Each structure stands twice: as structure tokens, then as C-alpha cells.
Amino acid sequence: MVGSGGAALRAALEAQEGGAEVTVAIKGEFRRSGATFHSVAEVGAFNVPDGAGDANDSPEVFLNDILTAGQGMSDPRLSAILAEEAEAALRYLEGYGVPFERVGPGAGEPYLTFKACFSSKPRSHVIKDHFKPIVKALGGEATRRGLSALDRLMIKDLIVRDGECLGAVAVDAEGKLVVIRAKATILTTGGASQLFRTNLYPSDITGDGYAMAHRAGAHLVNMEFMQAGVSIIDPFVNLFGNYLWDARPNLTDRDGRPFITDYLPDGLTLDAVIHEKQRHFPFSSSDISRFIEISIQKAINEGRGTDKGGLRLDFIHDDLDAILGDQSRSVAKMWPLTYDWYKERGTDLRKDSVEITCSAHAINGGLRIDADAQSNIKGLFAAGEVAAGPHGADRLGGNMSVTCQVFGGRAGRAAAARAREIDHRPLADPLDGHAALLKGANGAATRELPELRARLQDAANRHLLILRDEAGLQAFRAECADIRRSLESEARIDTPAETVQALELENLIAVGELMALAALARPESRGSHYREDFPERDPAFEHNILLDRHAAGGFFRARLGDL
């Protein structure tokens, strides 16, 4: 097991129950690292079509929402599994003590729900403090059961022979290579949002799973589809919930001037754009709300941001009380939780402004998996953000947390079944074919690793975050190549910690190149993928981009549902 977030913990518990001997390898600290543990919002959303928010909701309605948002890019088989097993996932978490908010103090009160991004029904069940309670509950159970966890161990590469994963090569805290043999390997390494200067993820989410799986021959899909959206960057980092747009915030540049209207097409009003924006947090090219993020990104690129790199937002206007008094609106239901969250952190949303920007969040793509969460490499499973399929061009808010549980459970059960059925294959030289550790220039170094990482992040923000076009994507690829050359010949890599940082940077470069390749291979705009030079959706691209290191040009096209 590689990783220790919500998907990893669910997979580990299920695998142990299936009779497997489970070892969890974590780059950071067990139960205290990864995206699930890293709270970047006042609440976490967990989608369940149980009728709690609308009696007319159902798994069928939920599935239709997923496929509609996916715009032909999700795998309908995996999406159907997600819709059918979501309620069981909630019951599983409740069984281990994860508290879901209710509308009243009693245990029998209805669940508190709201309509999250791209949903037709209010089915997002609320967990306070984002998803930390999931890690606390499942991590506590893992500790109680005595699951083996190896902290401070970075998995560098997978060991693959004849299309079968036999384990992994890792780097320990002393910078030495370690071989881990496994009958089944589950990747739950999360996404790659640290590729971007502004992001909503912890510093250890560096695309390791994508990069090592691609190097090993695994197929990646939908890597051009990434959720990015408006976030708070000052006085703290926080996701800006979609329901908050219904409170009609004011947005101004560093000089106090409204800026959104400067970038709107003729005939489009600010009210119309903001009204549409309340439907979803992430940027999507599919509706006019896209001009919120486009305007923010262009204003920042043109130097209209503050010294901290953001723009200003506040709720100081005369209509706020009337809006919050209408209990039919999601913002009225969610405002008390949001207001208290901000107030505890020193910000009074009725009096204070905050600074915002566009930030990277979750990648909708990843390893192509089957119903058992197994990749095209036998014995290599994936769950959570590192895996693709249930999501498409856009993803429903509140679906990633459910996906972690549903496919984490499936991965754990399938991996345990495989481990029961096979023996370890002989492996004469486990390091054969794996590059030695990066050495850099050591004493003759002219580049520091943080400097190189910052260069990569700045380039990704400029060319890959919201605004994409042919020239920018090619410029980004050229920058990636130049940074790689500097990493290999000019970087200072003297300590074990710097070795890990170098490997992380190598992975980020690789993932950035893969995302840019997928974006170039899709000359259209669809969902979270926006090409300024091809701003419309093109029916000719009703297929997925599958990244395969052995394919001509590095990719091929196919429909997931047909594979």
C-alpha cells in the first residue's frame, strides 16, 4: 500500500479483512499526511443519493449527474459502481465513528445536505473540518489492528516484469534504496497539485503515483482534466465554496477597482456570471461561469494583483441579510458553518475582505482501472485521486471522497484475493532497469531545488492552470525540459532530504509534461479543459486521451466504455 489517505486506509482495512498481510508505505507520517488529512475547507462533502436532501434522488439520478458532468469522458461502468455503492460507503464510515452533520442535535434528525458542484439534487452530506474525521476514524482502526506502517519512505519506482507488478523500489530516510516485494501493490498517492504555484494541497502531493506508473507502462487517462477554482490565499488558504457565490461577493483589484466586467464579452452581465458560478466550485469551460476564473487569471497575469499575488473579495453589501434569510438557498444553510470557520481564524465575513486567486485542486484523471481497481499492469491497483474512470471532463463536488471509499474498498478486496492465489515470483535483480538516484552537481551546484521547483510552478500557473493554448503549452514543455536539464546537471543534492526533493521534482516535471501532452492532443474546450485557441467543444473529440509510453507520440485515443 502506497499512501495513507482516505483511499489507502479503506483499502488497507479491507485487504487485511481479506486475509492479506498489509504494509503501508508513506512518504510522510502515518495518519498525518496526504490530501485527506489536509483541511482546505470548512466542510467536506460526501455524495450519497439516499433522498436525504430530495426524496426524488436515487442512484440512477446520481449516475446521470455524473455522466452529464463527465461529458463523455468518464467510464460509465465505474460511474455506475460509484452511484450504487455510495450509500454503503457512508454506512461504513459511520460504523467507525465518522460524524455526518444533521439538521438538528438528535441522532435521528435528517442529514444536513446541500447541492454541490454540477449536481441536480442536494445530496452532499456534510463532514465538519473537511475530511480529517475520516483519517482519524479509519487511521485509529488501522492502529488498533496493528497494521504495519513504514513512515518516511518514498516509493521511487515500481518493479514490473512481463506486465506484472512485483513490488517497488523505495528511498529511506538515510537516502538508501530499499526493495519492497509485494504480491499486490495499491497506489493511493493522490494527485499532483504541487505542480502549480497556487494550489490547495499539502507539499507532499507531487504526482509520484502518476509518474512511476507511467514509467512502468501503466495507462493514464483524462490527465488534461483538472479541477482548479477560486480559493482564499490570505489570511489563510481555503477553498471558496460554490454556495458562497449566491451571497453576491464584491471582487476588486489591488487598487479597489472592480475587474470582472473588464474581461466579459459584450452582452454578458456580472450578475449572470455569478449566478451560474454558484453551481460549482471548479472552473469549467461548459458555462458562462468560466469568466470568473478567466478574469481572475488574466487580471493577475496583467499585474492587477496585490503584493501577495491575489485579488480582493468581500461580502459587505446591503442585500446580504435578505439572502441569508432565505432558507431555500444553500448559502443560507451553510453560512453559519462557514462564518464560524472563518471567524475562528480571525476573519469576520461581514466586515473583512479576503484575498483570492485561482488554485489547482484535484486531477480528474489518472491510472486507467477496471471494476476491481486494477490497472493494465497485473497486480497494480489504484484508488482515490491517482485513479481515473469514475470522473470525466467535470466532476461532481463531493464525489472524490466517495470514490476513495468505494474504490479503496474494491482495491483492497481484489488485492487480497490476488495475494491469496499467487506466490512471489523469483526476482534475481530487483533494481535492474531502475535508474540510480539523482546526484545533481553536488558541490559544484549552481541551482537550488526550491528555485527549480518554483520555476516549474510559475510556468504551470501561467500556461496550464486555467488559460491554455498551443503556444503556451509548447512553452511549458520547453521549460520542463530545461528544468530537467538543470536538475540533472546543476542542482544541489547533498542530503537524503534533498534526494527526496529531487525525486519529487522529477515526478512533477514528468506529470506536467503528461498533462501538457494530453492538453495539446485535445484541441477543443471541454469541462475543466479550456483552450483559448479552441474555445468551443468539438464533437470530433468524443473520446479519451490515453497516455501510453509505448504508443506512437506517447498517447492513443479510445472511449473508456469501449475498452
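Everything quoted here is computed from the prediction, not taken from an experiment.
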Check: K277 side chain, I292 main-chain N or O, donor-acceptor pair, under 3.5 Å: no

Side chain to side chain contact (heavy atoms under 4.5 Å, CB included) between F283 and V230, worked out: CA-CA 8 Å; F283 168 79; V230 179; over 6 Å; no

Residue among T113, V103, L337 satisfying side chain to side chain contact (heavy atoms under 4.5 Å, CB included) with V126: L337

Smallest separation among heavy atoms of S359 and L465, with atom names: C-CD1, 4.2 Å

Shortest non-hydrogen separation from R290 to D287 and the atoms involved: NH1-O, 2.9 Å

Check: G561 main-chain N/O paired with D75 side-chain donor or acceptor under 3.5 Å: no

Salt bridge (charged side-chain N to carboxylate O under 4.0 Å, His left out) evaluation trace for R418 with E164: CA-CA 12 Å; R418 175 180 171 80; E164 182 179 3; 2.6 Å; yes

Pair E276-R279, salt bridge (charged side-chain N to carboxylate O under 4.0 Å, His left out): steps then yes or no: CA-CA 6 Å; E276 193 69 20; R279 292 182 55 244; 3.0 Å; yes

Nearest-0.5 Å distance, CG of residue D370 to OG of residue S375: 8.5 Å

Step-by-step side chain to side chain contact (heavy atoms under 4.5 Å, CB included) determination, L187 to M212: CA-CA 10 Å; L187 290 181; M212 73 175 77; 4.1 Å; yes

Value rounded to 0.5 Å, distance of CD1 in I205 from CG in L195: 13.0 Å

Qualifying salt bridge (Lys or Arg N to Asp or Glu O under 4.0 Å) pairs, either residue in residues 326-339, two or more places apart: D246-R329

Side-chain donor or acceptor of Q457 paired with backbone N/O of Q194 under 3.5 Å: yes

Results of side chain to side chain contact (heavy atoms under 4.5 Å, CB included) for D352 - residues two or more places apart only: T347, D348

Note, P282 side chain near C117 side chain (heavy atom, < 4.5 Å): yes

D151 side chain vs F30 backbone, donor-acceptor pair below 3.5 Å: yes

With sequence neighbours excluded, residues passing ring-ring contact (aromatic ring centres under 6.0 Å, His included) with F46: F100

Where at least one partner belongs to residues 397-417, residue pairs that pass salt bridge (Lys or Arg N to Asp or Glu O under 4.0 Å), sequence neighbours excluded: E14-R413, E85-R410

Nearest-0.5 Å distance that lies between atom OG in S193 and atom CD1 in I363: 6.0 Å

Residue from L112, N47, V43 passing side chain to side chain contact (heavy atoms under 4.5 Å, CB included) with S124: N47

Heavy-atom closest contact (A116 atom, G397 atom, distance): CB-O, 3.4 Å

Side chains of residues 133-142: which donor-acceptor pairs under 3.5 Å do they make with residues two or more places apart or in other chains?
| residue | atom | partner | partner atom | Å |
| --- | --- | --- | --- | --- |
| E141 | OE1 | R144 | NE | 2.9 |
| E141 | OE2 | R144 | NH2 | 2.6 |
| E141 | OE2 | R145 | NE | 2.8 |

Main-chain N/O of G379 paired with Q374 side-chain donor or acceptor, under 3.5 Å: yes

Value rounded to 0.5 Å, distance of CE in M73 from CG in L560: 8.0 Å

Pairing residues for H214 by the ring-ring contact (aromatic ring centres under 6.0 Å, His included) criterion, not counting sequence neighbours: none

Interatomic distance, S284 atom OG to F225 atom CZ [nearest 0.5 angstrom]: 10.0 Å

Beyond-backbone contact of F407 with F381, side-chain heavy atoms, under 4.5 angstrom: no

Partner residues of S74 under the side chain to side chain contact (heavy atoms under 4.5 Å, CB included) criterion, sequence neighbours left out: L67, S79

Euclidean distance, M154 CE relative to D172 CG, rounded to 0.5 Å: 13.0 Å

Q501 side chain near R453 side chain, heavy-atom distance below 4.5 Å: no

Donor-acceptor contact below 3.5 Å, side chain R526 vs main chain Q71: yes

Flag, side chain of T198 to backbone of C358, donor-acceptor distance under 3.5 Å: yes

With H391 via ring-ring contact (aromatic ring centres under 6.0 Å, His included) - residues at least two apart: none

pair Y201-H361: side-chain heavy atoms closer than 4.5 Å: yes

Over 12 foreign heavy atoms within 6.0 Å of CD, E21: no

Nearest non-hydrogen partners of D204 and E504, listed with the distance: CA-OE2, 4.2 Å

Which atom of T188 lies closest to which atom of S4, heavy atoms considered: OG1-N, 4.4 Å

Polar side-chain atom of E87 near backbone of P49 as donor-acceptor pair, under 3.5 Å: no

Listed once per pair and sorted, the salt bridge (Lys or Arg N to Asp or Glu O under 4.0 Å) pairs that draw on residues 109-127, sequence neighbours left out: D54-K121, D57-R123, D65-R123

R102/E94 under salt bridge (charged side-chain N to carboxylate O under 4.0 Å, His left out): CA gap, chis, key distance, verdict: CA-CA 13 Å; R102 296 179 181 267; E94 283 189 322; 3.7 Å; yes

Contacts of D234 that satisfy salt bridge (Lys or Arg N to Asp or Glu O under 4.0 Å) - sequence neighbours left out: K308

Within-4.5 Å side-chain heavy-atom neighbours: F315 and W335: yes

Partners passing salt bridge (Lys or Arg N to Asp or Glu O under 4.0 Å) against E84 (at least two apart in sequence or in another chain): none

Residues in ring-ring contact (aromatic ring centres under 6.0 Å, His included) contact with Y243, at least two apart in sequence or another chain: F114

Derivation and outcome, side chain to side chain contact (heavy atoms under 4.5 Å, CB included), residues V2 and V386: CA-CA 11 Å; V2 187; V386 76; over 6 Å; no

Smallest separation among heavy atoms of I274 and W245, with atom names: CG2-O, 3.4 Å

Test log, rule side chain to side chain contact (heavy atoms under 4.5 Å, CB included), inputs Y210 and L547: CA-CA 11 Å; Y210 302 132; L547 299 169; over 6 Å; no

Any donor-acceptor pair under 3.5 Å from R420 side chain to G18 backbone: yes

N/O donor-acceptor pair under 3.5 Å between N376 side chain and G217 backbone: yes

